[in-house]
Amino acid sequence: QHLSFLEWAPQYSGLPFNLLHCDFPYGIGLHESEQARSDGWNEKYDDSDETFWELCACLSKHLEKFLAQSAHVWFWCPSDLVRQVAIIQFFSKHAPSIAWQTVPYIWHKTDNRGILPDPKRGGRRVYETALLGSRGDRLIAKAVSNAYGAPTSKEVHQSEKPEPMLRHFFQMLVDENTRMLDPTCGSGTSLRAAESLGAELVLGLEINPGYVEGARSALRKFRLKRAATSTQPSASMLLG
């Protein structure tokens, strides 16, 4: 849906979600980085620190409106350790019902693409991390490794997460009872990954109209392909 999470959250009154996939802009100034080549994208991508913490504050303030008492929270964040600690501290104070694991999950970008903040003092950052939180001691569906390698993908959004990587991690969290919310869904890869694993319902919110149309188009194509595959006879049917 073409909606701002900041406007949607205070007004939501429907059924709660039991999986929250957060991929907020990291607040590291990617929109101003020459390496990111942000000028080549049709829609402005606000990656300011103020926007990041505003989204976090909105999430924590209105959590009870949309997150079930038994739920998982998958939260993408910068690989910077100081930033990760700050995020955990923020939610520990403002949303104490979420218990956070202190070992992050890692996406290694196998094409070695990433930001190089200072070529004279440090290396290129070719992995991203996610924190896993839970409410009500919610159990996982399946154990998987906490690191996964996949190349970057920028078909719709300059910071989109690849579907194969998301499917790997979502195996822990998604089953036929999953109701997932992505408050800043970008290109919608999280929605497609969750649906491919049998999620009952997925809802993505996105403020940029260009990304919304790209995500809707990709989701329609995914559903059509999935429907066509499901109607084809299986090998066992062909063999009688």
Side-chain angles (χ1 to χ4, degrees), residues 1-6 8-9 17 19-31 36 38 41 43-49 51-60 63 66-67 71-80 83-84 86-88 90-91 95 98 100 104-109 113-115 125 127-133 148 150 152-170 172-174 178 180-197 199 202-208 210-212 214-215 218-219:
Q1 296 184 13
H2 182 204
L3 290 170
S4 165
F5 175 62
L6 299 175
W8 176 90
F17 299 86
L19 174 57
L20 180 62
H21 177 264
C22 289
D23 191 9
F24 294 160
Y26 288 175
I28 57 176
L30 185 64
H31 61 308
S38 297
W41 296 86
E43 300 296 329
K44 179 174 173 58
Y45 178 62
D46 182 8
D47 191 36
S48 65
D49 196 52
T51 296
F52 175 82
W53 290 112
E54 184 179 16
L55 288 165
C56 290
C58 180
L59 190 158
S60 59
L63 195 68
F66 56 82
L67 193 64
H72 280 119
V73 179
W74 186 269
F75 197 95
W76 288 100
C77 59
S79 54
D80 181 274
R83 187 76 163 191
Q84 291 179 21
I87 291 168
I88 292 176
F90 177 90
F91 285 111
I98 302 175
W100 295 95
Y105 291 81
I106 298 171
W107 163 37
H108 169 225
K109 302 174 182 180
R113 298 180 66 178
I115 298 297
R125 299 174 182 176
Y127 71 89
E128 294 186 32
T129 55
L131 299 172
L132 177 59
Y148 188 85
T152 55
S153 174
K154 296 186 178 185
E155 295 182 9
V156 176
H157 193 288
Q158 70 187 84
S159 296
E160 69 183 44
K161 301 296 188 295
E163 284 183 57
M165 179 272 295
L166 290 173
R167 279 195 295 270
H168 168 78
F169 290 126
F170 280 4
M172 292 193 299
L173 312 173
V174 174
T178 297
M180 188 187 81
L181 169 67
D182 189 327
T184 54
C185 72
S187 62
T189 54
S190 66
L191 309 181
R192 302 194 295 273
E195 275 203 4
S196 72
L197 294 170
V202 296
L203 174 61
L205 310 177
E206 176 54 46
I207 192 172
N208 285 325
Y211 297 150
V212 170
L219 188 58

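Numbers here simply count residues along the sequence, with the first being 1. Basis for what follows: all heavy atoms, side chains included, without hydrogens, waters or symmetry-related copies. Please read these numbers as outputs of a predicted model, since none were measured by experiment.
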### Task
Measure the acute angle between the ring planes of Phe75 and Phe24, then classify it against the limits of 30° and 60° as parallel, tilted or perpendicular.
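Phe75 vs Phe24 ring planes: perpendicular.
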### Query
Parallel, tilted or perpendicular: which fits the ring planes of Trp74 and Tyr105, with parallel below 30° and perpendicular above 60°?
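If you compare the ring of Trp74 with that of Tyr105, the planes turn out tilted.
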Residue pair [X] / [Y], side-chain heavy-atom distance below 4.5 Å:
X	Y	result
Ile87	Phe52	yes
Leu63	Ile98	yes
Leu131	Phe91	no
Ile106	Ser79	no
Ser196	Phe170	no

### Partner of Leu19 by side chain to side chain contact (heavy atoms under 4.5 Å, CB included), out of Leu67, Val174, Asp182
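For Leu19, the side chain to side chain contact (heavy atoms under 4.5 Å, CB included) test succeeds with only one of Leu67, Val174, Asp182, which is Val174.
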Donor-acceptor check, side chain of [X] to backbone of [Y], threshold 3.5 angstrom: yes or no?
X	Y	answer
His108	Ala150	no
Gln1	Leu205	no
Thr178	Met180	no

### Derivation of the side-chain contact (heavy atoms from CB on, under 4.5 Å) call for Thr184 and Cys22
CA-CA 7 Å; Thr184 54; Cys22 289; over 6 Å; no
Heavy-atom closest pair, residues [X] and [Y]:
X	Y	value
Gln84	Cys77	CG-SG, 3.7 Å
Pro25	Leu55	CD-CD1, 3.8 Å
Leu197	Arg167	CD1-O, 3.8 Å
Ser187	Arg192	O-NH1, 3.1 Å
His2	Ile207	NE2-O, 3.0 Å

### Leu166/Tyr148 under side-chain contact (heavy atoms from CB on, under 4.5 Å): CA gap, chis, key distance, verdict
CA-CA 9 Å; Leu166 290 173; Tyr148 188 85; over 6 Å; no
### Residue Arg83 excluded, over 12 heavy atoms near CZ under 6.0 Å
yes
### Task
Could you go through the side-chain contact (heavy atoms from CB on, under 4.5 Å) check for Cys185 and Tyr211 one step at a time?
CA-CA 9 Å; Cys185 72; Tyr211 297 150; over 6 Å; no
### Within 45° cone of Trp76 ring axis and under 6.0 Å: Lys161 NZ or CZ
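Verdict for Trp76: a cation-pi partner in Lys161.
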### Task
For the pair Glu163 and Thr189, evaluate side-chain hydrogen bond (donor to acceptor under 3.5 Å, both in side chains) and give the outcome as yes or no after the intermediate values.
CA-CA 6 Å; Glu163 284 183 57; Thr189 54; over 6 Å; no
### Message
Can you confirm whether or not the ring centre of Phe5 sits under 6.0 Å from the ring centre of Phe66?
### Response
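Yes, the ring centres sit under 6.0 Å apart.
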### Task
Give, for atom OG1 of Thr152 and atom CZ of Arg113, the distance between the pair rounded to the nearest 0.5 Å.
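So the gap between those two atoms works out to 4.0 Å.
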## Note on the structure
Interatomic distance, CH2@Trp8 vs CG@Leu3, rounded to 0.5 Å, equals 9.5 Å
### Trace of the side-chain contact (heavy atoms from CB on, under 4.5 Å) decision for Glu128 with Lys109
CA-CA 8 Å; Glu128 294 186 32; Lys109 302 174 182 180; 2.7 Å; yes
